[in-house]
Amino acid sequence: MDVEEIIDYIKTLKKGFDKDLFQSKIDELGYIVDNTGLNYDDFHTLFKVWLNLSIPITKWVNLGATILPKEKISQSTIEYSLRWILANYDNQSNFSRIGFLLDWLTAAMDCDSVDMKALDMGYELFYTMLTFEVLTLHAMKLVYTLTKPNDVTRRRVLELMEYAKRREAKKNMYRQIQVLLGLFKSYKPEYVPEDVPSISIHTAFRKINVTLLARFKNAQNQRNTLSKETYRLFWINPLNSEGGRNKKADPLIPNLEFTNIGSKQYDNDTQKNYLDFSEPVSLLQYSAQRAMRRPARLRALLCNPAGLALLAAAASADHAFLSHELHHLLTSCFLETSPHTYIEKQDLLQRLAIFQSTLMQGLPVVTRFLAQFLPFWNEKDFLMEILQLVEWVNVEGADHVNVILDTLTKVYYRAQPIEQCAILRSVTSMYTNLIHSSMRSRHYFLSIQPTELMYTEILTMVSLRISDMCDKGLQASPEDALGLQSATRAGVRCLRAGRRAGSAGRAGCVVAPRALLLSLALLSPSAAALDRLAALVVLYKEIFSAIKAKNGRKDQAYVEQMQILKAFTSDFVSCFYEEFLSGRKKGIAFSKLHPQLVSKLTHIIPDVDTKLSIRNHLAFAPYTYVSLQAIDQTDADNKLWFDTVIEQEFVNLSQFVMKAMPELR
Amino acid sequence: MNGHVINDPLAVIYNEGQWRINRVSPMHNLQYGEVKLKQYASKIRQAFVSTIATNSTLKYVVLIENLPLLKYSEEDSNGLMITVTSSSQDNNSAKNKTVYAAILLSWGVSISIDDATHLPYMLEWGEQKVGLAVKNTLQTIFDCNIKQYNFTQHQLLQFGFNFVENDTSRNTDPFILSYKTPQVNFKDKLTLSFEVGDVHTIWNGIKDEVNRESESVNLAYQILQNQIYHMMTLDITVFDLCEVLLSKAEVKSNGVVKMKTPEIVNSVFTVLNDINSTLYIDFH
């Protein structure tokens with residue numbers, strides 16, 4: 001189906017053409033227009049050809065109903081149509097074509113498919129068409145839509161009344177003129193002092209060819225779905241617009257407004273305000289260069305991301321003001337009775353959490369609020385929001401953080417496994433975020449830069465709590481798989497952050513290695529946990545070597561932790577070397593096994609050391625079973641197993657093996 | 001009324017009966033110029049003329065005055081007084097009636113931020129609806145929060161014992177404690193009456209024994225509780241304390257206070273400053 005081929009065909013249409021062939025070509029064209037769409041040059045050519053065809057009117061109309069472009073109709077086509085009308089309107093026999101062309105333009109206008117400014121050029125011509133009774137109907141909607149108050153003149157009004165009088169007998173035509181007069185009267189009532197009956201405008205307009213209209217609509221839809229979304233600034237908090245809004249209380253996050261005190265009539269101050277901008281980037285650029293009007297309520301800026309950026313960049317006096325205002329608000333809302341609904345309070349907390357994560361810093365006022373609120377918390381309300389808020393805490397508020405962690409650990413011990421995971425994840429985020437912020441130079445809402453000492457103090461406290469939490473949680477339910485996974489994951493996250501801090505020259509204040517966690521991970525039937533365990537051991541080794549290089553072997557705590565790590569590593573390695581029982585005295589996990597138990601094990605399980613080794617670990621059963629089935633089991637040894645399984649799947653484990661047991665490679 | 005003192009700046013407070021007390025956060029860009037105060041007043045008037053029932057015979061006038069002497073120390077910002085009067089023009093007589101009055105003031109302790117004024121206390125009496133409109137307008141114009149106080153039992157007792165210390169009434173005047181029954185829909189209050197002199201004796205007696213004021217409040221109340229038990233075999237801890245009433249001073253748990261002498265006014269604000277002291281931490 002080639003458009004050019006169709007165009008050529010149409011160009012060469014002569015009298016007595018084959019009707020069926022013509023119809024099939026029209027159908028083809030219709031198909032192209034409906035699916036891929038005509039590109040503009042083809043359309044324009046086709047348009048010109050069509051206008052100048054002299055075929056029977058019905059066929060001409062059918063053809064016309066299939067010609068329309070993908071994009072909006074531009075000035076060139078409109079100019080051509082206007083010229084064509086001018087050239088042809090003196091001959092009455094052309095009126096039906098002109099009428100259809102006007103319909104065609106109306107259809108394009110209705111479907112937002114035409115350049116309105118260009119169409120406006122034809123206003124005078126369309127108005128002139130009203131002179132002809134036959135064409136009035138076709139031109140009416142165009143004139144009605146394009147009329148502007150400036151177009152209303154007394155002369156035109158008198159003309160229209162002339163036409164109306166002449167056409168009084170023909171109700172339809174009479175009605176249309178009245179409708180236009182009504183519009184004129186609404187624009188410039190002084191020019192139309194006569195009484196004009198009010199008539200529904202839709203009865204005055206002609207119904208347009210249905211196929212044509214449908215095609216234009218289709219093209220419009222195509223354009224709309226392909227157009228790019230531009231992000232518009234939206235300063236309204238959706239909660240405030242809801243039908244069931246709480247009328248008793250001031251909104252917690254109000255819509256952005258600007259108040260005027262006194263008259264602005266003689267105000268020469270042309271400061272812009274935020275509502276003058278519809279696009280966030282230009283707003284932020286402008287505000288960086290010039291002062292803008294302060295909104296009536298600062299906290300309304302919490303309602304969209306551009307507002308958050310503006311808040312972050314605001315002056316420190318604004319920050320102080322906002323802190324005190326928020327403090328007042330949070331106290332009266334959450335620590336006393338207030339008429340606000342649960343949803344409103346939840347929304348406020350959520351937006352504060354988003355603000356904190358935008359700043360990548362804890363707000364002092366929020367940390368303080370949490371320290372006051374959490375001890376009285378019912379552990380259910382706003383759970384998700386609290387966990388989000390807790391991820392960013394104020395470095396200077398070590399006392400507050402202590403209280404917060406106290407409450408959270410108590411909640412942790414009593415919580416269900418899923419909630420435990422969520423809490424542990426949040427507290428780990430608190431730790432890693434503190435480490436990140438210790439490496440940043442710019443801080444908001446704080447008058448002095450936090451010192452090393454502050455960071456050390458708070459990081460030590462948090463890391464201790466994390467390892468306590470995991471340890472006690474595992475003591476309470478050692479078989480809980482979720483708990484183990486989340487504890488190992490938390491451990492890895494903390495250590496990675498700690499290592500990053502260490503390499504940046506700051507004290508990482510690392511989470512201490514706990515024998516229970518390490519041993520449980522070793523014994524668990526999960527390969528992922530074993531992999532993470534290997535990662536933990538490797539990370540600990542790195543961090544401790546760095547600490548030793550920096551401080552020497554002075555710290556008592558360091559010495560103890562190093563001992564635990566060494567002992568455990570020996571256990572881990574023994575499991576590889578198949579010396580699990582024989583080597584247990586060197587390690588820590590199995591060193592306290594009762595000798596009777598040991599002897600029983602040796603008795604019941606022949607060759608117990610080999611059987612209870614990493615290679616035969618339940619966790620790796622899916623891997624070892626599958627890979628080695630082609631080879632005789634007895635030939636399989638550690639090296640083969642390492643090459644086929646470990647190196648492919650488990651990055652951390654292979655790293656550990658390479659570092660600790662290079663000969664296995 | 002007897003005892004009207006005109007020249008004392010505190011007179012606007014103790015000449016009135018009961019005040020509702022509110023806590024106010026810092027106010028942004030509050031200006032004390034004549035013109036500005038008039039503009040704020042007209043803004044308030046606009047706000048409540050549209051919200052309050054449009055009673056066509058009543059005309060409201062809002063007046064805001066600067067009270068430069070109503071403060072504790074030089075560093076405090078000037079106090080403000082907002083008065084709303086309604087005048088009904090029915091035929092010949094035009095009666096002016098004050099339907100609402102509010103005072104904003106600071107008493108030695110406030111937060112200082114650039115471009116912002118902090119008048120932490122707002123006293124008000126009068127029609128609730130008018131008050132609500134006034135407070136909403138102030139909150140919108142100055143980006144602040146205004147919330148009425150709710151006093152806990154401990155705070156009520158703090159007020160009470162402070163009143164006793166500063167009271168100028170006779171020894172035999174009553175010191176009344178009023179209780180509500182919690183969680184029960186029983187409207188009647190239980191009132192217990194002591195003599196101010198006795199309470200004063202108790203209070204003086206323990207002041208030497210304890211270090212912090214909060215401890216002395218607890219101890220004094222403990223003594224009173226024992227006294228009550230001794231008199232009536234009633235364990236008063238079951239009930240919620242809701243009012244403490246003296247002849248020249250009253251305080252209620254919903255934030256309503258009556259202060260009839262300048263000493264009492266001072267003591268009320270001193271206690272309020274103390275209550276808020278935990279709130280005013282530098283957020284910088």
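Lettering follows sequence order; numbering is per chain, from 1.
In this structure, the side chains of A:R294 and B:D143 come closer than 4.5 Å at one or more pairs of heavy atoms.
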ask   = Stepwise, does the side chain to side chain contact (heavy atoms under 4.5 Å, CB included) test hold for B:S25 with A:E325?
value = CA-CA 6 Å; B:S25 70; A:E325 207 239 323; 4.1 Å; yes
task = Please report the C-alpha distance between B:K147 and A:T331 in whole Å, then the side-chain angles of each, then the deciding distance to 0.1 Å, and finally whether the side chain to side chain contact (heavy atoms under 4.5 Å, CB included) criterion is met.
result = CA-CA 10 Å; B:K147 180 116 197 297; A:T331 314; over 6 Å; no
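Remark: B:E34 CD is loosely packed, at most 12 non-hydrogen atoms of other residues, nucleotides or ligands lying under 6.0 Å away. Atom OH of A:Y342 sits in a crowded spot, with more than 12 heavy atoms from other residues, nucleotides or ligands closer than 6.0 Å. Within a 6.0 Å sphere centred on CZ of B:F239, heavy atoms belonging to other residues, nucleotides or ligands number more than 12. Within 6.0 Å of NZ on B:K180 lie no more than 12 heavy atoms contributed by other residues, nucleotides or ligands.
The candidate with the highest count of non-hydrogen atom pairs below 4.5 Å against chain A, out of B:N150, B:N145, B:D114, is B:N145.
Across all non-hydrogen atoms, the minimal contact from B:F142 to A:F321 is O-CZ, 3.9 Å.
Rounded to the nearest 0.5 angstrom, B:S112 OG and A:H324 NE2 are separated by 8.5 Å. A:H327 contributes atom NE2, which lies 7.5 Å from atom CD1 of B:I111 (distance to the nearest 0.5 angstrom). Going from atom CG of A:L322 over to atom NE2 of B:H28 covers 12.5 Å, rounded to the nearest 0.5 Å.
Proximity to chain A (any heavy atom under 4.5 Å) is shown, for B:N29, by neither the backbone nor the side chain.
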